[in-house]
Every structure is written in C-alpha cells, then in structure tokens.
Amino acid sequence: QVQLVESGGGLVQPVGSLRLSCAASGSIFNAMAWYRQAPGKERELVATITSGSTANYADSVKGRFTISRDNAKNTVYLQMNSLKLEDTAVYYCHARAGLFGYWGLGTQVTVSS
C-alpha cells in the first residue's frame, strides 16, 4: 500500500537549479531521505530529514541543496541550486515508517552544458 513517487527531474545547465518532489502515501513516515546513483557508481546518501525537520547533508551538496518536508502532505522536497556536472544521477526518495523502509523508482537529473 505504500507508494513513493518522485518528480521534478530533468536536464539543466551547470549553475542552474531544480526542485525534486517525493509524494508518499500509505503510512505515517518518520525520517525521509534523498539518495542518488550516478552511472557506474554506488548509490549514495544525499540528504536526510527527521519528522521534526532536522536535516543533514552529504559534504558534496552542503550549502547547495536543501531538503524539506510537508508532513500534512506526506511530501519531501530537494531544492538543488548551483548544480554541477557531478550532480548528474538518478535521484531516489526513501521513507521510513517505523522499522520499515521504502524506495521510490527514481527521477533522472542531468546537468550538462
């Protein structure tokens, strides 16, 4: 019954911005997070946010990305500014409900000149 649907990905030039959304349904969620996976690389944690909106970021995105959530809408966002070529990846939403974790199918972000 749990479903996570990402949106907002696309093609953007370096230094540009994108805002990703993840609409979650089917449960009450605790911590939520964004991960990303570039071609040929392992999936990596980008940012996390608790139910109280405490956020943490990977060093590679700190100062450029902002994670936020709207608990009433069960939606988590990732505002991405000052994008770099190395930000190109499939971005995945993850949500925890109790001890269970759930994944979205991902949305492609391509940064290219």
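Residue numbers run from 1 in the order of the sequence given.
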Got a donor-acceptor contact below 3.5 angstrom from the R43 side chain to the L45 backbone? no
Spell out, as yes or no, whether a donor-acceptor pair under 3.5 Å connects the side chain of R96 to the backbone of A33. no
May I have the step-by-step check of side chain to side chain contact (heavy atoms under 4.5 Å, CB included) for F100 and V2, ending in yes or no? CA-CA 11 Å; F100 298 93; V2 172; over 6 Å; no
If you look at every heavy atom in A95 and F29, which pair is closest and at what distance? CB-CD2, 3.5 Å
Looking only at heavy atoms, what is the nearest atom pair of R69 and S53, with distance? CG-OG, 4.0 Å
Does CG in L11 sit with more than 12 non-hydrogen atoms of other residues, nucleotides or ligands closer than 6.0 Å? yes
Straight-line distance of S7 OG to R19 CZ, nearest 0.5 Å: 9.5 Å
Examine distances only and state if a side-chain atom of T88 and a backbone atom of V111 form a donor-acceptor pair shorter than 3.5 Å. yes
Can you give me the closest heavy-atom contact between V109 and L20, atom names plus distance? CG2-CD2, 4.0 Å
To the nearest 0.5 Å, what is the distance between OG (S27) and CD (Q3)? 13.5 Å
Taking all atoms of both residues into account, what is the closest heavy-atom pair of A89 and A38, and its distance? CB-N, 3.7 Å
Tell me whether S112 contacts the main-chain N or O of T110 through its side chain, where contact means a donor paired with an acceptor under 3.5 Å. no
Look up atom OG1 in T54 and atom CD1 in I49, then write down how far apart they are to the nearest 0.5 Å. 8.0 Å
Candidate pair S60 and R36, rule side chain to side chain contact (heavy atoms under 4.5 Å, CB included), full reasoning: CA-CA 12 Å; S60 59; R36 68 185 181 186; 3.4 Å; yes
Same cluster for L18 and Y92 if Ile/Leu/Val/Met/Phe/Trp/Tyr side chains link at under 4.5 Å? no
Shortest non-hydrogen contact from Y91 toward D87: OH-O, 2.7 Å
Taking the six-membered ring for Trp, are H94 and Y35 parallel (under 30°), tilted (30 to 60°) or perpendicular (over 60°)? perpendicular
Do the side chains of V90 and V46 join up, straight or via other hydrophobic residues, at under 4.5 Å, putting them in one cluster? no
With no hydrogens and no angle check, is any side-chain donor or acceptor of E6 less than 3.5 Å from a backbone partner on T107? no
What side-chain donor-acceptor pairs closer than 3.5 Å can you find for residues 76-86, not counting sequence neighbours?
from	atom 1	to	atom 2	distance (Å)
Q79	NE2	N81	OD1	3.0
N81	OD1	S17	OG	2.9

Atom of M32, atom of C93 and distance for their closest heavy-atom approach: CE-SG, 4.4 Å
